[in-house]
Protein chains: 4
Amino acid sequence: MLMRAKSVTEQARRAQIVAAAIATIAELDYAETSFKAIAARAGLSSTGLISYHFKNKQELVDVVFADVLERFQDFVNARMGQAGAREELRAFLVANIAFLREHRADMVAFLRIRANAAVTDGGIAASDHTALATLLRQGQEAGEFRAFDPDVMAVFVLAMRNGVVLRSGSLDLDVCEQELVAAVDLATRS
Amino acid sequence: MLMRAKSVTEQARRAQIVAAAIATIAELDYAETSFKAIAARAGLSSTGLISYHFKNKQELVDVVFADVLERFQDFVNARMGQAGAREELRAFLVANIAFLREHRADMVAFLRIRANAAVTDGGIAASDHTALATLLRQGQEAGEFRAFDPDVMAVFVLAMRNGVVLRSGSLDLDVCEQELVAAVDLATRS
Amino acid sequence: MLMRAKSVTEQARRAQIVAAAIATIAELDYAETSFKAIAARAGLSSTGLISYHFKNKQELVDVVFADVLERFQDFVNARMGQAGAREELRAFLVANIAFLREHRADMVAFLRIRANAAVTDGGIAASDHTALATLLRQGQEAGEFRAFDPDVMAVFVLAMRNGVVLRSGSLDLDVCEQELVAAVDLATRS
Amino acid sequence: MLMRAKSVTEQARRAQIVAAAIATIAELDYAETSFKAIAARAGLSSTGLISYHFKNKQELVDVVFADVLERFQDFVNARMGQAGAREELRAFLVANIAFLREHRADMVAFLRIRANAAVTDGGIAASDHTALATLLRQGQEAGEFRAFDPDVMAVFVLAMRNGVVLRSGSLDLDVCEQELVAAVDLATRS
DNA sequence: TATGAATGAGCATTCATTCAT
DNA sequence: AATGAATGAATGCTCATTCAT
């Protein structure tokens, strides 16, 4: 696939639009997120500019999704690498809550995009799940976790985190973090 | 609140449209669910007929939401009423999965509507959470559950169930049920 | 033109619908007057009944217009027949205000229909004007009125009355009657 | 009230649409005036363009109304400023007929909009009446006019003018002007 | 006759996208 | 690269009218 390298200003503009799109999706509903609303938030004078920088709305959504995912993964990965699987799982959860604390809009936008299943990629979208399932499996092999279906447990853990994200407006995140770590540990350890 | 009794045909048509709306929301995205798509699925010749039977889109969505919620609650309540809180919680989870098995589209539609926050009611929408939090609190007082924040734990439990619903296309529900019951029990019992 | 005689109940229903249409046009704008609004005011269970009794909306409007006009003319004619033209003109104006006092909705509806030029008839619509112009002409020939264009003066007189009708919500009709009689007399007498 | 300055093209398009709206309202009924009819008259390819330039139909109607009113008032004011009240009243009437001669469609559209009471402004809509009533009152104080209710007389005078406007298709405006001036003078002078 | 369900054209409005500048 | 004007398809909704019962 041949594609021209993007210039610096081009990249800056795209980043600006992506940021505005995230803010818009997090503030309004996904269904209410229009180019007009994004352009207003980005201080752009025309929605045409969004179409100029992104092939279509789908591409913009995909880029937003990938952008948040990458920053999320970098953030979480930087806080993992613990010795044991239990500790690693705990670190994962703490990192998730930490990211949520600092980047609530990003996580909300991310979940809303995923909920509306508009992501074209597919592969990337599931990477979250796969990595966690792998960690759980390794912990089981190491005898740190009890016997359970790692894929299903991964669904559970990520769902709990998502629940916290969607309720983060009305919940105390310190309490959530503590309870989440405790509950997951109880549910998984051998 | 005065309202004329609805005729049998009227009720049948409304039920048909509600069913078509559920199917549409479950199949397409919530954002893509238009009167046209619903009418097509219901075999109606005109979107005008939907407007004839429902004041506006909001009312249709509200009715769909309330309809699923009522059937869900009847279904679950009929399977609860156990002696202890641990058993009650288990029964709640089993009933949830059983409903999902039989009415997957309903649950998906329900969650998608709630995710897009378009429900006018408000009170009803949270009843799920409140009832569960109360059960957890009672279990704690009875000494069956360990100490945790009941509201946060209710968020966790419902989030896990939601995770199963949204993944139910690719997961084995028997496994999910077993794992869900086990995980929640481990996370909550004293 | 052959047409079956209308039964008594048929006539009663038509009269009921016509009355409801008048009330609706007078209360709402002409543009907002729908079959639904008329049916509601008539206590009818279906707009289909209006279509059953009237070929289409145009016919209903025409009938409403002719109905008000006929009652108006009967009312006014019963109060005219004075000796001289000046007295006759005065009687015409007094009768107009009297009709307005008792049948404000009818006159408002009448004017609104005419303003929106939806009347098919044409001949009937102008009869008001023709009769008045004739009276003015006769008064001129009798030497009671000064020289003026009778058609134009008829437009003036009817316009003044219309102005009173449209403002009758906020004006004192006793004052209006007095001023109208005086002004028209001054403007016409020789 | 903050609003971005409109570009030259923008202003030109808006003016074009306003002109088309006036022509449409004057030609068709007010009730029949749709965006489609206006777009056709303006040579626009899409009704969407009207929505692009005007927030909604109400704003377009308000702008049309204010536009005609402003041009009318400028036109009339430029022809007034006479010494006495009688002369001033006469100048007002002559100016009205002159404007009608040159801008019949504008006046018809204006009256139709007002008749259908769709004007949001409210304040401006009545200025016509207030100014005239004031002139009449001043003329009475100066002894030029006889005793009458100035508000009612203002209603009469404006109603007469409106009558001429609505009949201007079938009346000789020269005759109307002459008769109007004479009739009003007779009805008001002391 | 009367009902209310059904029809399909029409409405204003929003939207992503294109295009000339 | 950026603007904003233009396009036309799509949306929810209303309407007069038709039709089976």
Side-chain angles (χ1 to χ4, degrees), chain A residues 6-10 12-14 31-39 44-60, chain B residues 4 6-14 31-39 44-61, chain C residues 7 9-10 12-14 31-39 44-61, chain D residues 4 6-10 12-14 31-39 44-61:
Chain A
K6 308 238 189 281
S7 77
V8 172
T9 47
E10 160 83 5
R13 260 283 186 260
R14 283 172 65 101
E32 320 248 296
T33 296
S34 65
F35 275 17
K36 195 175 161 192
I38 295 172
L44 266 42
S45 50
S46 167
T47 64
L49 193 57
I50 302 177
S51 291
Y52 178 78
H53 286 285
F54 296 90
K55 203 182 79 199
N56 52 30
K57 200 179 186 183
Q58 183 63 56
E59 196 207 332
L60 171 58
Chain B
R4 188 171 309 283
K6 308 234 188 282
S7 77
V8 171
T9 353
E10 162 84 4
Q11 283 294 55
R13 258 285 186 260
R14 280 173 68 100
E32 318 256 299
T33 296
S34 65
F35 274 16
K36 193 178 165 191
I38 296 172
L44 306 177
S45 58
S46 162
T47 65
L49 193 56
I50 301 177
S51 293
Y52 176 76
H53 287 284
F54 296 90
K55 206 183 73 199
N56 52 31
K57 200 180 187 183
Q58 182 65 55
E59 195 206 331
L60 172 56
V61 169
Chain C
S7 78
T9 47
E10 159 84 5
R13 261 282 186 260
R14 282 172 65 100
E32 321 248 295
T33 295
S34 64
F35 275 16
K36 195 175 161 192
I38 296 172
L44 266 43
S45 50
S46 166
T47 64
L49 193 57
I50 302 177
S51 291
Y52 178 78
H53 286 284
F54 297 89
K55 205 183 77 198
N56 51 31
K57 199 181 187 182
Q58 183 63 55
E59 195 207 333
L60 171 57
V61 169
Chain D
R4 188 172 308 283
K6 307 235 187 282
S7 76
V8 171
T9 354
E10 161 85 3
R13 257 287 185 259
R14 280 173 69 100
E32 318 255 299
T33 295
S34 65
F35 275 17
K36 193 178 166 191
I38 296 172
L44 305 178
S45 57
S46 162
T47 66
L49 193 56
I50 301 177
S51 292
Y52 176 75
H53 288 284
F54 297 89
K55 204 183 75 199
N56 52 31
K57 200 180 186 183
Q58 183 64 56
E59 194 207 332
L60 173 57
V61 169

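Basis for what follows: all heavy atoms, side chains included, without hydrogens, waters or symmetry-related copies.
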- [ ] Report the distance from atom CZ of B:Phe35 to atom P of E:dA9, rounded to the nearest whole Å.
- [x] 19 Å
- [ ] Using whole Å, report how far CG of B:Leu49 lies from P of E:dA9.
- [x] 15 Å
Task: Shortest non-hydrogen separation from C:His53 to C:Arg14 and the atoms involved - done: O-NH1, 2.9 Å
- [ ] Quick one: label C:Thr47 by what it contacts on the DNA or RNA (base, sugar-phosphate, nothing), any heavy atom closer than 4.0 Å.
- [x] base
Task: Nucleotide forming a Watson-Crick or wobble pair with E:dG10, both distances under 3.5 Å - done: F:dC13
Task: Residue-phosphate contact under 4.0 Å: C:Ser34 side-chain N/O, F:dT14 OP1/OP2 - done: no
Open item on the list: For E:dA5, give the paired nucleotide (Watson-Crick: N1-N3 plus N6-O4 or O6-N4; G-U: N1-O2 and O6-N3; both under 3.5 Å), or none.
Closed with: F:dT18
TODO: Please state whether the phosphate of E:dG4, meaning OP1 or OP2, lies under 4.0 angstrom from any side-chain nitrogen or oxygen of B:His53.
DONE: no
Open item on the list: Counting the atoms with a prime plus P, OP1 and OP2 as sugar-phosphate, which does D:Ser7 contact under 4.0 Å by heavy atoms, base, sugar-phosphate, or nothing?
Closed with: sugar-phosphate
Task: Atom-pair distance (CD on A:Gln58; C1' on E:dT17), nearest Å - done: 15 Å
TODO: To the nearest 0.5 angstrom, please state how far the CZ atom of D:Phe54 sits from the CZ atom of D:Arg13.
DONE: 11.0 Å
- [ ] Drop me the distance from A:Thr47's OG1 to A:Lys57's NZ, to the nearest 0.5 angstrom.
- [x] 11.0 Å
Task: Most 5' of C:Phe54 and B:Lys55 on DNA chain F, judged by nearest nucleotide - done: B:Lys55
TODO: Please report, rounded to the nearest Å, how far the C1' atom of F:dA6 is from the CD atom of D:Glu10.
DONE: 12 Å
- [ ] Check whether any side-chain nitrogen or oxygen of B:Ser45 sits under 4.0 Å from OP1 or OP2 of E:dA6, and answer yes or no.
- [x] no
Open item on the list: Please find the pair of heavy atoms, one from A:Phe35 and one from A:Ile50, that lie closest to each other, and give the distance.
Closed with: O-CD1, 3.6 Å
Task: A:Ile38 CD1 - E:dC15 P separation (whole Å) - done: 11 Å
TODO: For A:Gly48 and for B:Leu44, locate the closest nucleotide of DNA chain E by heavy-atom distance; then report the residue assigned to the nucleotide nearer the 5' terminus.
DONE: B:Leu44
Open item on the list: Distance check needed: E:dA6 C1' versus B:Arg14 CZ, whole Å only.
Closed with: 16 Å
Open item on the list: Reading DNA chain E from 5' onward, which residue's closest nucleotide shows up sooner: A:Ser46 or D:Lys36?
Closed with: D:Lys36
Open item on the list: Are A:Ile38 and A:Leu60 packed together at the side-chain level, in the sense that at least one heavy-atom pair is separated by less than 4.5 angstrom?
Closed with: yes
Open item on the list: Looking at C:Arg13, I'd like to know whether one of its side-chain N or O atoms comes within less than 4.0 Å of OP1 or OP2 on E:dA2.
Closed with: yes
- [ ] Provide, to the nearest angstrom, the distance between the OH atom belonging to B:Tyr52 and the P atom belonging to E:dG10.
- [x] 22 Å
Open item on the list: Distance check needed: E:dC15 C1' versus A:Lys57 NZ, whole Å only.
Closed with: 8 Å
